[in-house]
Amino acid sequence: ILEPYYPAFVLGGNKKIKLSAIPDEINKNGMNGLLSVLKPLTNKKYHQHYREQNIAFIDMESFWIMDYFPDLPNKRVLLVPTDKGDGLALKDFLKNISQAALVIKDALVKLLK
């Protein structure tokens with residue numbers, strides 16, 4: 001957690017949206033996907049199931065934003081995970097949100113240079 005992540009695709013329901021290419025060195029974990037769900041996922045069993053399908057992280061926003069704006073010229077998502085989606089998700093989110101904001105700032109500065 002607290003590392004910038006740029007997925008190659010986002011999933012929502014049964015729909016997959018391909019995103020703009022990101023330099024290989026940025027995605028360190030080797031997984032390419034991001035799954036957007038309607039409710040927070042707090043079950044490690046489900047996380048393992050999705051990891052086996054090349055899903056690195058789960059959020060609640062990215063797919064819906066990309067789906068709502070289909071004509072964006074450069075579809076790119078920057079995700080900075082703040083928690084592990086387990087029973088401590090809310091506590092970890094609140095603890096890590098300030099640090100996540102700094103990571104996002106630094107990643108954006110790097111992308112814009």
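Owing to the predicted nature of the structure, the values given are computational and were not obtained by experimental measurement. Both backbone and side-chain heavy atoms feed into the values below; hydrogens, waters and symmetry mates do not.
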Legend entry - Shortest non-hydrogen contact from K18 toward K75: O-CD, 4.3 Å
Legend entry - I104 CD1 to Q99 CD distance, which is reported to the nearest 0.5 Å: 10.5 Å
Legend entry - Nearest heavy-atom neighbours spanning Y5 and A56: OH-CB, 3.4 Å
Legend entry - From K16 atom NZ to L35 atom CG, the distance as rounded to the nearest 0.5 Å: 12.0 Å
Legend entry - Test side chain to side chain contact (heavy atoms under 4.5 Å, CB included) applied to I17 and L11, I65, D67, L34, the passing residue: D67
Legend entry - CG-CD1 distance between L2 and I97, expressed to the nearest 0.5 angstrom: 9.0 Å
Inset, instruction - Kindly give the heavy-atom pair with the smallest separation between V10 and S62, and that separation in Å. - result: CG1-CB, 4.1 Å
Legend entry - K91 side, atom NZ; D83 side, atom CG - distance, nearest 0.5 Å: 13.0 Å
Legend entry - From L88 atom CG to L94 atom CG, the distance as rounded to the nearest 0.5 Å: 12.0 Å
Legend entry - Verify same cluster id: L38, L90 (apolar side-chain graph, 4.5 Å): no
Inset, instruction - Indicate yes or no: at least one non-hydrogen side-chain atom of F63 is less than 4.5 angstrom from one of V77. - result: no
Legend entry - Flag side-chain contact, heavy atom, 4.5 Å: F57 against P7: no
Inset, instruction - Examine distances only and state if a side-chain atom of N96 and a backbone atom of T82 form a donor-acceptor pair shorter than 3.5 Å. - result: yes
Inset, instruction - Show your working on side chain to side chain contact (heavy atoms under 4.5 Å, CB included) between F93 and I1 and close with a plain yes or no. - result: CA-CA 10 Å; F93 170 81; I1 62 175; over 6 Å; no
Legend entry - Minimal non-hydrogen separation, L78 against A107, with atom names: CD2-CB, 4.0 Å
Legend entry - Spacing of R76 atom CZ and M66 atom CE [to the nearest 0.5 Å]: 11.0 Å
Legend entry - Side chain proximity check, V37 to M60, heavy atoms < 4.5 angstrom: yes
Legend entry - Test item: L19 and Y6 side chains (from C-beta on) under 4.5 Å apart, heavy atoms: no
Legend entry - Atom of F9, atom of G33 and distance for their closest heavy-atom approach: CZ-CA, 3.4 Å
